[in-house]
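A, B, ... follow the sequence lines: proteins, then strands. Residue 1 opens every chain.
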Protein chains: 2
Amino acid sequence: MTKPFTSVWAREPRRPRSSGLGREQIVAAAVEMLDAEGLESLSMRKLGARLGAGATSLYWYVANKDELLELAMDEVWGLVEVPDPDRATWREVTTSTAYGLRVVLLEHPWLANLLGRMPMAGPHAFAMSDRLRRAFVRAGFTGLDVYLASGTLMGFVLGQVIPEIGIRQVSKDGRYDPATLVDVVERVAADYPEMRADFRQTVEMDPEAARAMAFDFALLCLLDGLAARLVAAGVAESSGQPADNGVPERR
Amino acid sequence: MTKPFTSVWAREPRRPRSSGLGREQIVAAAVEMLDAEGLESLSMRKLGARLGAGATSLYWYVANKDELLELAMDEVWGLVEVPDPDRATWREVTTSTAYGLRVVLLEHPWLANLLGRMPMAGPHAFAMSDRLRRAFVRAGFTGLDVYLASGTLMGFVLGQVIPEIGIRQVSKDGRYDPATLVDVVERVAADYPEMRADFRQTVEMDPEAARAMAFDFALLCLLDGLAARLVAAGVAESSGQPADNGVPERR
DNA sequence: ACCTGAACACCGTTCAAGT
DNA sequence: ACCTGAACACCGTTCAAGT
């Protein structure tokens with residue numbers, strides 16, 4: 001009860017008045033800088049400079065850096081497209097949401113670094129979750145299962161993409177170049193011949209294709225698993241609108 | 001070819017000689033501090049002080065802070081217990097690995113913040129992956145599917161746990177207290193009545209139990225999905241040793 | 001071979017002071 | 001109401017110098 005509200009989402013933004021500064025432009029500029037330079041190199045000072053303002057001016061619009069990051073994060077959740085659940089089967093909606101979310105995360109890798117540090121509690125995040133929810137409701141999930149199913153899908157994508165980002169990050173920073181990374185893995189994996197064999201197979205592939213393959217495999221698992229939940233609950237599959245078979249064949 | 005090796009894993013550690021300092025004690029102390037105070041508040045200066053050394057002495061054993069974090073991370077992967085794949089069904093092995101990994105991540109939340117920043121390329125990480133691999137081989141997966149299946153399981157756990165950590169973090173930092181968090185969500189979710197209803201249901205539960213339920217639901221999906229992959233590949237299920245039915249009933 | 005201190009170029013945030 | 005600059009208490013890392 002001492003400090004009743006300490007969240008960005010609970011406070012009216014300061015008026016987007018006259019001058020160049022305002023919450024919206026600050027957040028927009030922050031997102032741009034984060035995309036361009038990464039989480040590590042965003043500083044209040046640089047951001048201020050970029051907006052032609054003193055570093056400390058930002059504190060009029062935002063309580064601290066973490067709040068700014070929360071706002072930036074939610075901004076990006078707004079970019080994830082979730083198809084209208086009324087115009088596609090649930091498998092289509094979930095599949096395309098998963099791919100869309102993956103792309104957004106890869107384009108804004110700093111998101112991944114923030115997720116373990118603050119919750120997704122902004123309006124865009126909620127809008128996204130709600131659209132996903134509706135897809136699962138139409139699929140036939142009921143009660144808490146709707147909530148559980150959408151959490152499962154969100155988590156799934158995060159878990160697939162975050163390690164991928166970790167790898168990319170390290171080569172973008174120039175810490176490892178790709179050749180070194182291969183070399184390192186070869187060396188550390190020396191004790192595990194089968195792992196090394198698998199690793200070599202994937203190295204020969206286009207790395208993009210290799211990651212996409214892994215994502216597809218995992219997504220297929222998840223969707224089949226979700227479908228199994230429906231069957232267990234006694235719901236007939238194929239609740240989709242478009243008659244032309246929305247359920248992709250399995251393998 | 002300019003800088004042939006820039007990875008911790010590619011360089012011999014400096015000799016763990018005489019004095020108190022040495023790579024091992026540095027890493028151990030770092031893990032302790034990370035567990036106690038979190039990623040944000042670990043500094044080379046504080047770590048040095050704790051070891052009774054000048055901050056800059058650490059640079060004899062470690063190229064930079066990121067390398068130290070890489071070492072700390074791998075140290076913790078060593079704590080994940082993966083049961084012997086020869087003594088349990090694959091469902092048992094994967095289930096208990098998933099739970100074990102979840103516990104380790106929750107106990108060392110800074111891990112989650114690091115995963116999107118550097119790859120899991122240390123020896124302990126590889127040892128863990130290899131044990132997981134063997135479980136999937138015994139289950140009947142072949143070729144690249146072994147690699148894909150274990151990546152799927154690892155990713156799954158990360159994705160489930162990372163958002164959970166984000167929420168905990170924010171209340172541990174004293175940024176939101178739990179009551180505020182509920183309030184914030186109520187406010188932002190005001191436009192989505194069904195979501196709010198679900199949210200209320202979970203708030204009434206013990207939060208620990210709510211998260212565990214979500215994890216169980218998602219894990220069940222994943223395992224059913226993996227099993228579906230096996231069926232699609234024409235492998236008979238139940239490859240387990242112990243005859244007494246390793247496959248848990250569905251729901 | 002190992003450790004140090006001073007120094008450099010940064011941080012986020014507070015706050016009195018300005019307009 | 002909005003913005004500023006100086007100031008505080010920090011960072012990681014380099015490097016010449018010590019033992």
Trainee: Would you say T56(A) places a side-chain N or O within less than 4.0 Å of OP1 or OP2 belonging to dT4(D)?
Mentor: no

Trainee: Please report, rounded to the nearest Å, how far the C1' atom of dC2(C) is from the CG atom of L51(B).
Mentor: 15 Å

Trainee: When you measure from the centre of the six-membered ring of Y147(A), is the NZ or CZ of R133(A) closer than 6.0 Å and no more than 45° off the axis?
Mentor: no

Trainee: When you check the phosphate oxygens OP1 and OP2 of dC2(D), does a side-chain N or O of Y59(A) lie under 4.0 Å from one of them?
Mentor: no

Trainee: Once you apply a heavy-atom cut-off of 4.0 Å, does S43(B) come out as touching a base, just sugar-phosphate, or nothing?
Mentor: sugar-phosphate

Trainee: Taking any strand in view, what nucleotide pairs with dT13(D) in a Watson-Crick or G-U wobble way, both distances under 3.5 Å?
Mentor: dA7(C)

Trainee: So if I take every side-chain heavy atom of N64(A) and compare against dC3(C), dT13(C), dC3(D), which nucleotide ends up nearest?
Mentor: dT13(C)

Trainee: Could you check whether the rings of F215(A) and Y99(A) sit parallel, tilted or perpendicular, using 30° and 60° as the cut-offs?
Mentor: tilted

Trainee: With salt bridge (Lys or Arg N to Asp or Glu O under 4.0 Å) as the test, would you mind laying out the steps for R168(A) and E164(A) before giving the verdict?
Mentor: CA-CA 6 Å; R168(A) 293 189 183 205; E164(A) 187 174 352; 3.3 Å; yes

Trainee: Pick the C1' atom in dA7(C) and in dC11(D), then give their distance to the nearest Å.
Mentor: 14 Å

Trainee: Just how far, in rounded Å, is P of dC11(D) from CG of L58(B)?
Mentor: 13 Å

Trainee: Figure out the CE/C1' separation between M33(B) and dC11(D), and round it to whole Å.
Mentor: 13 Å

Trainee: With a 3.5 Å distance limit and no angle check, can you tell me whether K65(B) reaches the backbone of M44(B) through a side-chain donor-acceptor pair?
Mentor: no

Trainee: Both A53(A) and R45(A) contact DNA chain D. Which one's nearest nucleotide lies toward the 5' end?
Mentor: A53(A)

Trainee: Which is more 5' along DNA chain C, the nucleotide nearest S41(A) or the one nearest A63(A)? Just name the residue.
Mentor: S41(A)

Trainee: Measure CG/L39(B) against C1'/dC11(D) and give the value in whole Å, please.
Mentor: 14 Å

Trainee: Of the nucleotides dG12(D), dC2(C), dT13(C), which has the atom closest to the W60(B) side chain?
Mentor: dC2(C)

Trainee: Output the rounded distance in Å from NZ (K65(B)) to C1' (dC10(C)).
Mentor: 14 Å

Trainee: Whole angstroms only, please: what is the CE-C1' distance between M44(A) and dT14(C)?
Mentor: 13 Å

Trainee: Nearest-Å distance, CG (L68(B)) to P (dT13(D))?
Mentor: 10 Å

Trainee: So which nucleotide does dG18(C) pair with, by the Watson-Crick or G-U wobble rule with both distances under 3.5 Å?
Mentor: dC2(D)

Trainee: Could you state the atom-to-atom distance from CG of L42(A) to P of dC10(C) in whole Å?
Mentor: 15 Å

Trainee: Just by distance, with hydrogens left out, do W9(A) and D74(A) show a side-chain donor and acceptor under 3.5 Å apart?
Mentor: no

